[in-house]
Amino acid sequence: MPSSDLILLHAPSVYDFRGHSILYGPVSDLVPSTPVFEMYPIGFTTIAEYLERHSLRVRIVNLAVRMLGEPHFDVERQIAGLDAAMFGIDLHWLPHAHGSIEIARLVKRLHPCTPVLFGGFSSTYFHMDLIRRPEVDFVMRGDSTEGPTLELAQYISSGGAAHPAPNSVEANQLAAIPNLVWRDSENNPHVNPLTYSPENLDGILLDYSYVLQAVVRYRDLASFIPFRAWLKYPITAALSVRGCRYNCVTCGGSACAFAQLHGRQKPAYRKPEDLANDIRRIGRFSRGPVFLLGDIRQAGDEYADRFLDAISGYQKPVLLELFDATPPGFFKKVARALPNFIVEISLESHDDAVRRAFGRPYTSAAIEKSIDEALEAGCQRLDLFFMTGLRGQTYESVMETVDYCGRILARYAARGETRVIPFISPLAPFLDPGSRAFEEPGRYGYHLRCRTLEQHRQALLAPSWKYVLNYETEWMNRDQIVASTYEAGRRMNLLKAKYGIIDSAVAEATDRRIAKAVALSKEIDLVMALDDPEVQHARLRALKPEVDSANLSTVCDKRELEVPLAHTGVNLVQAAHVVAQEWWKGLTRTVGQA
Ligand code: SF4
């Protein structure tokens, strides 16, 4: 009997990135991951917890983080040593189009009789492309797959065939699993109806104590770590919603995309009291901040009030996202409940027209009011995010965005205020499949350069992020998107130094990295213009050491995003305590049932 019913594998964006020379650029500067996108999706944790709750054993192996952390980590050996009834691989974000498929091929070669399941948003979108691949046995569609994944895992663990004969009893069993895409023994694909789409998040539990227990059970902390720097900066996520009310044109998590891909007509919210409990549970073992995914006001003011009542008194840092301007008094309530709160706002552009064209409903003036109120209420810091590559945005408009940030910073500096921190990064590498811009690029002023899964997979191997981008806009081509991003990053960095947001040594280091990335980008352009592919390849290989050293924190220092805390880290004593408690609860439950 295999030691796990399901092993969830997370691949790096490009497999094997260690051998390729790719200038990733600033694509991951504003997320905790490196450009390898080693952070596994939150669904890994909810699926694992759900299956474990139903007496199956699930292990998470973050191959990407292992490959990053251990230069000689042998992926094949690791996979060969795994023992599961089924492997699950996420293709959630499209930047994993290369790595996920290569890992599936490896799994199939090393475990030819073990089924491979794909899931995630991009898997849902490209389910037909995936199911035709020999290394993929199943695809689970939808935004909430805990229930159907349990059914499939139970079927496989009880000896069910991955590809049963048409019209057999087993084929009927597979046909009854909602959202599942599968093949019969004659290679005919079957796409089951997408009927599993819970109206709320009551049934799922973002319970990291499962992760702690699994670490102990499999004696493998290294493979469970969500991203490289996590042990030093253990930021964790809490999930308030699946779906969104808004329709930002390039977002694969927008209302339109959820409706088209997952058949979701309205967002599914987590009960506010449960959400508060999720956060408190995280606080039992982690001293790090919790990022609350989804604006708590999205489900209405009553939801926000109930959540704030339930979480009241939680002392550790919580990052709140704002999708819209706030009504007067909102931040006073937040401050009373969460004395250590941080605010994240995506303004995208200084220009109301560009922001509106992107799908954000608020004006700069309205958000500036919200910023003032958040600061007055005592928010610990407030991050403002801007983007390049937007509809209606020119090179000049990007520079004006930086000028706007300069005015904002000057205004707050005059009050001795350094809590407002602007960031700018590109919309990269891909427009999300399912977003309005991806589906109707011409209507929204985008030119799509890749459409199929295979085109994206190939694009990811291009030698610099300029060539990876799957789009251009009517207002900026790829060269302009790249040039405006680097120049905006350079100017923003100088502004932050000028107004005391970062110290001069950090600013100088960032400036040097941007200059280096610009020079490398130009050099790669020259190599790409060569006719001889062999010479091209040799020149790119020669650039690899320099490219690798320019791949982290291009337009800002990643650490600028970190909440400065007196004590960060995972509280190991508390973590052990949580494991012991959960183990004891499990034992008493089992004894009670016997
Ligand atoms: S980017 Fe816009 S559409 Fe996407 S999740 Fe955020 S608010 Fe919703």
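Just the heavy atoms: all of them, side chains too, but no hydrogens, waters or symmetry mates, feed the values below.
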Could you pull out all donor-acceptor pairs under 3.5 Å where a side-chain atom in residues 160-169 meets a protein atom, sequence neighbours excluded?
from, atom 1, to, atom 2, distance (Å)
His163, ND1, Arg183, O, 2.9
His163, NE2, Asp137, OD1, 2.6
Ser168, OG, Ala165, O, 2.7
Ser168, OG, Ala171, N, 3.1

side-chain hydrogen bond (donor to acceptor under 3.5 Å, both in side chains) partners of [X], counting only residues at least two apart:
X      : value
Thr34  : Glu38
Asp278 : Arg270, Arg281
Glu440 : Arg443
Asn188 : Asp184

* Asked: Which residue pairs pass the salt bridge (charged side-chain N to carboxylate O under 4.0 Å, His left out) test with at least one member in residues 429-439, sequence neighbours excluded?
  ->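 Listed by first then second residue: nothing to list.
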
Residues in salt bridge (charged side-chain N to carboxylate O under 4.0 Å, His left out) with [X], at least two apart?
X      : answer
Glu146 : Arg242
Glu170 : none
Asp143 : Arg264
Glu348 : Arg360

* Who are the ring-ring contact (aromatic ring centres under 6.0 Å, His included) partners of His10, not counting sequence neighbours? -> His96

* Asked: What residues form a ring-ring contact (aromatic ring centres under 6.0 Å, His included) with Tyr471, not counting sequence neighbours?
  ->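 Tyr471 satisfies ring-ring contact (aromatic ring centres under 6.0 Å, His included) with Tyr446 once adjacent residues are dropped.
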
